[in-house]
Structure formats: C-alpha cells, structure tokens
Amino acid sequence: MGVLEGRRAIVTGAARGIGRAIAEELAAEGADLALCDLQADWLAETAAAVEARGRRAARIAVDVGDGGAVAAAVGSAAETLGGLDILVNNAGITRDTFLARMSEEDWDAVLRVNLKGTFLFTRAVTRPMMKQRGGVIVNIASIIGLIGNAGQCNYAASKAGVIAFTKSAAKELASRGIRVNAVAPGFIETKMTEALPEDVRRRMLEAIPMQRFGSARDVARVVVFLAGEDSSYMTGQVLTVSGGMAM
C-alpha cells in the first residue's frame with residue numbers, strides 16, 4: 001500500500017515534464033488525480049500513466065490565471081474525486097529575455113501563470129480543506145527564485161513570489177490543519193535542456209556542485225514526501241532540489 005493510499009490530489013501543469021512526473025509518483029503511492037492543464041487533450045499520456053497504476057485520472061482543461069475557471073476546475077475535481085486532500089501548484093511558463101528588452105506582455109504573462117495561478121488554485125482549495133480541517137499544498141518554486149538569473153527577471157520575481165506566498169499561506173492555514181510547503185528545483189533534465197547548445201549546457205553544469213542535471217523524478221519524490229505523513233510537522237518550508245546550487 002502506498003503512502004498516499006486513498007488521497008485525492010490536483011496537479012496543475014500535469015501534461016509534461018515535472019508535472020507529469022509528479023502525477024505519476026502520486027499515483028504510484030495510491031493517490032487519485034485531477035490533472036489540470038491548458039488543454040485537456042494534452043493530458044492523455046499522463047492520464048494513461050496514472051490509470052496504468054490503478055488510480056483515477058480526471059482531465060480538466062483550465063487557464064490557471066482565470067479565477068472563474070480555476071474555481072470551476074477545483075469544484076469539478078472535488079466532485080469527481082469525492083473530495084480533495086492535496087494540491088500541487090506546478091503550472092509555469094518562461095518568457096526569457098534581458099531586462100532592457102523585456103516587454104510588459106512578457107512580464108505579465110509569466111506573473112499571471114506562475115504566481116497568480118498559484119494564488120488562485122490555493123484560494124480555491126482553501127475552503128474545502130478548512131471544512132475538513134486538513135490538507136496539503138505543495139508549490140513548485142525554483143532555485144531561480146532564490147538566487148536570480150540573468151535574462152529571467154520575470155521568472156525570478158514570480159518564483160520568489162511563490163516562496164513568500166508559501167510562507168504566508170502556511171502561517172494562515174496551519175491552525176486549520178493545512179500544511180503549505182514549496183519545492184525549488186534547480187536545472188532539471190527536460191526536452192528544453194536537451195536542446196540547449198553544448199557550451200550552454202556545460203556552463204549550467206559548472207554551476208552545479210554535483211555536476212549533473214536533476215531528473216523530473218528527483219523533484220516528484222520530494223513532492224510525495226511533502227504530501228505524505230512523513231512530513232506532518234513541516235510547513236512553510238522550501239526544499240531545494242538543485243544538486244547543491246543554493247548551499
């Protein structure tokens with residue numbers, strides 16, 4: 001029996017990459033899933049992987065920056081799964097460019113998805129979780145929110161905001177039995193990093209004390225830990241999964 005047997009979870013940005021790995025690991029530990037992404041058909045492979053582990057997988061198309069759509073998605077997830085125990089705010093985008101060339105649209109788009117989306121989903125699950133006096137929220141931040149990065153002022157600001165939001169929400173919700181923590185991944189092996197020029201990959205690796213990229217599963221297993229009872233006395237924390245970049 002998995003450590004999350006019978007739990008019901010929402011994962012945003014679940015179609016690919018870290019989000020898909022999180023969904024698969026939660027399912028492997030016994031959770032039923034509501035998989036959220038911008039287009040529900042993007043989620044077919046993730047849903048199949050969850051169902052292959054014998055768990056339920058509801059696919060929900062939602063724009064995480066639209067408050068009405070988010071409220072409807074959370075309501076649908078709760079109805080389909082019979083309640084909610086876990087929320088993983090993973091949806092995120094980048095619009096990288098140097099500050100002098102960054103448009104307001106680039107700034108607004110990243111803050112809308114990465115930070116506002118986290119706020120909207122957290123707000124939407126707060127009432128049902130308070131009613132049952134229990135729940136777990138895990139926000140996916142980034143090492144960039146802790147150390148910054150040239151060409152990513154918008155992304156860094158959004159993820160630093162997620163970290164501060166996590167700590168504040170944790171203080172508000174602790175007395176209601178709701179824990180709120182964050183995971184801050186470093187450079188993770190994805191299709192994006194695979195496509196980078198060799199010299200760029202080399203410079204990235206030089207910044208990592210462990211001298212290797214992380215995997216999506218490295219992040220997902222930390223999410224499982226924060227979602228389960230082994231972390232029951234932890235809230236308001238930020239766990240870095242970065243190969244030592246933020247010592």
Side-chain angles (χ1 to χ4, degrees), residues 12-19 22 36-38 62-67 70 88-123 137-170 180-210 212-214 216 218-219 222-223 236-247:
T12 71
R16 55 181 65 87
I18 291 173
I22 290 169
C36 296
D37 215 300
L38 190 58
V62 59
D63 174 357
V64 300
D66 181 327
V70 168
V88 182
N89 283 307
N90 169 74
I93 63 170
T94 58
R95 293 287 187 273
D96 296 349
T97 190
F98 289 111
L99 180 60
R101 295 198 294 267
M102 186 173 291
S103 67
E104 289 185 41
E105 290 76 17
D106 288 337
W107 176 271
D108 290 345
V110 171
L111 271 290
R112 182 178 185 273
V113 173
N114 298 5
L115 184 54
K116 185 181 180 182
T118 296
F119 154 66
L120 290 174
F121 261 94
T122 301
R123 185 181 67 175
I137 299 165
V138 183
N139 298 323
I140 305 302
S142 171
I143 197 72
I144 303 305
L146 293 169
I147 66 175
N149 195 35
Q152 289 192 304
C153 282
N154 49 2
Y155 185 75
S158 73
K159 292 302 188 177
V162 167
I163 290 168
F165 174 83
T166 297
K167 292 177 179 291
S168 296
V180 189
N181 292 292
V183 179
F187 294 137
I188 303 301
E189 192 76 70
T190 63
K191 290 182 179 179
M192 181 185 72
T193 55
E194 289 173 2
L196 290 171
E198 190 57 38
D199 62 323
V200 174
R201 286 174 60 88
R202 185 176 64 253
R203 288 197 300 272
M204 291 170 70
L205 283 169
E206 287 171 354
I208 304 171
M210 290 184 71
R212 66 175 179 86
F213 293 117
D218 289 328
V219 180
V222 176
V223 172
Q237 302 305 301
V238 182
L239 301 187
T240 61
V241 185
S242 66
M245 289 180 67
M247 292 189 209

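Below, all heavy atoms of this structure are taken into account, side chains as well, without hydrogens, waters or symmetry copies. Numbering starts at 1 and runs along the sequence shown.
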Heavy-atom pair of closest approach, residues [X] and [Y]:
X	Y	result
Gly17	Ala216	O-CB, 4.0 Å
Val62	Cys36	CG1-CB, 3.7 Å
Thr122	Phe165	OG1-CE2, 3.6 Å
Ala141	Pro185	O-CD, 3.4 Å
Gly67	Leu120	N-CD1, 3.7 Å
Trp107	Cys153	CZ3-O, 3.9 Å

Any non-hydrogen side-chain atom of [X] less than 4.5 Å from a side-chain atom of [Y]?
X	Y	value
Asp66	Lys116	no
Ile188	Asp218	no
Val88	Ile140	yes
Leu239	Asn181	no

N/O donor-acceptor pairs under 3.5 Å from side chains in residues 95-102, not counting sequence neighbours:
unit_1, atom_1, unit_2, atom_2, d
Asp96, OD1, Gln152, NE2, 3.3
Asp96, OD2, Gln152, NE2, 3.2

Supply the atom-to-atom distance [X] [atom1] to [Y] [atom2], rounded to the nearest 0.5 angstrom.
X	Y	atom1	atom2	result
Asp63	Arg112	CG	CZ	4.0 Å
Leu146	Ile163	CG	CD1	4.0 Å
Glu198	Arg203	CD	CZ	11.0 Å
Phe119	Asn89	CZ	CG	11.5 Å
Thr94	Ile144	OG1	CD1	11.0 Å
Thr118	Asn90	OG1	CG	9.0 Å

Checklist entry - Is the backbone N or O of Ser242 less than 3.5 Å from a side-chain atom of Thr240, with the two atoms forming a donor-acceptor pair by type? => result no

Checklist entry - Are any side-chain N or O atoms of Thr12 and backbone N or O atoms of Ala91, one a donor and one an acceptor, separated by less than 3.5 Å? => result yes

Checklist outcome for this item: residues 157-166 vs side-chain hydrogen bond (donor to acceptor under 3.5 Å, both in side chains), sequence neighbours excluded, gives Asn114-Ser158, Asn139-Thr166

Next on the checklist: Does this structure show an ion pair linking Arg201 with Glu189, if we count only N-O contacts that are shorter than 4.0 Å?
Outcome noted: yes

